[in-house]
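This report concerns only the one structure given below.
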Amino acid sequence: MKKFLILLVLFFAQIGFAQIDVKLSINNLKKMKGNLSIEFYRNMENYTKGQNAFKKLYIPVEDLDKYETVFKNVEPTFYAVKVFLDTNNNKKLDKSFLGIRKEPYGFSKNLNPTLREPTFEEAKVEMTEGNSIISISLNNNKGED
C-alpha cells in the first residue's frame, strides 16, 4: 500500500510539472533585411508595460519569407506574442506622429487593431500539449501587405 501511495504521489507530481514545446512561426517576412524582435509574454502586467518578457529574441534575418523557432519546456498556460521586423536596427518599433507603425509587425492571433496594440486578453493564446503552435503573419509597413 505504501508503494502504491508513493507511485500515486509521483504520478500527480509529474502532471503538475508538465512542460511543452511551443513552436512560433512568423510568416510574410517578404525577404526583407533587419532584425526580428520577438517578445513572448505570459502575464498581463508585463505585456502591458512591454517589459520583462518571458522569452525575448532579437534575430538578424535576410532573404526569408518565414522564420520558425521553438520555445522548449514551457508551462502550458496562456501566452501573448509581439513581433516586429526592425528594418533600421534601432531596437524599437518605429511609428509616425499619428501612431501608425512604419515597420512590419504582428501579434498572436494575427490581431491588427488600428493605432494601438491589442490587450493581453485579446492576444492571449492557450498553449497545451494539443495546441502548441503560434503562427503570426506580419503586417507590413503602414499596414500594407
So [Y] and [X], do their side chains get closer than 4.5 Å, heavy atoms only?
X	Y	result
Tyr41	Lys82	yes
Asn73	Asp21	yes
Glu68	Ser25	yes
Leu24	Val81	yes
Thr87	Lys102	no
Glu103	Asn88	yes

- [ ] Check each of Asn140, Asn112, Asp94 against Tyr105 using the side chain to side chain donor-acceptor pair (under 3.5 Å) test, and report the only one that passes.
- [x] Asn112
Which distance, rounded to the nearest 0.5 Å, do you find between the [atom1] of [X] and the [atom2] of [Y]?
X	Y	atom1	atom2	value
Tyr67	Leu85	OH	CG	12.5 Å
Lys66	Ser137	NZ	OG	10.5 Å
Leu138	Leu29	CG	CG	5.5 Å
Thr77	Arg42	OG1	CZ	8.0 Å
Lys72	Ile20	NZ	CD1	12.0 Å
Asn28	Leu64	CG	CG	12.5 Å

Task: Listed once per pair and sorted, the ring-ring contact (aromatic ring centres under 6.0 Å, His included) pairs that draw on residues 108-130, sequence neighbours left out - done: Tyr47-Phe120
TODO: For residues Ser135 and Asn27, report the shortest heavy-atom separation together with the two atoms involved.
DONE: OG-ND2, 3.1 Å
Task: Selection residues 49-64 - residue pairs positive for salt bridge (charged side-chain N to carboxylate O under 4.0 Å, His left out), sequence neighbours left out - done: Glu39-Lys56, Glu45-Lys49
Task: Neighbour count >12 (heavy atoms, 6.0 Å) for atom CD, Glu129 - done: no
TODO: Please name all residues satisfying salt bridge (charged side-chain N to carboxylate O under 4.0 Å, His left out) with Asp65, sequence neighbours left out, ordered by chain then number.
DONE: none
Open item on the list: Checking Glu121 now: which residues fulfil salt bridge (charged side-chain N to carboxylate O under 4.0 Å, His left out) with it, not counting sequence neighbours?
Closed with: Lys124
Task: Residues forming a side-chain contact (heavy atoms from CB on, under 4.5 Å) with Leu57, sequence neighbours excluded - done: Ile38, Ile59, Thr69, Phe71
Task: Partner set under side-chain contact (heavy atoms from CB on, under 4.5 Å) for Glu122, not counting sequence neighbours - done: Leu111, Arg116, Pro118, Thr119
Open item on the list: Has Asn35 got a side-chain atom pairing as donor or acceptor with Tyr58's backbone, closer than 3.5 angstrom?
Closed with: no
Task: Expected output: side-chain Ser132 to main-chain Val22 donor-acceptor under 3.5 Å - done: no
Open item on the list: Can you confirm whether or not the ring centre of Phe40 sits under 6.0 Å from the ring centre of Tyr79?
Closed with: yes
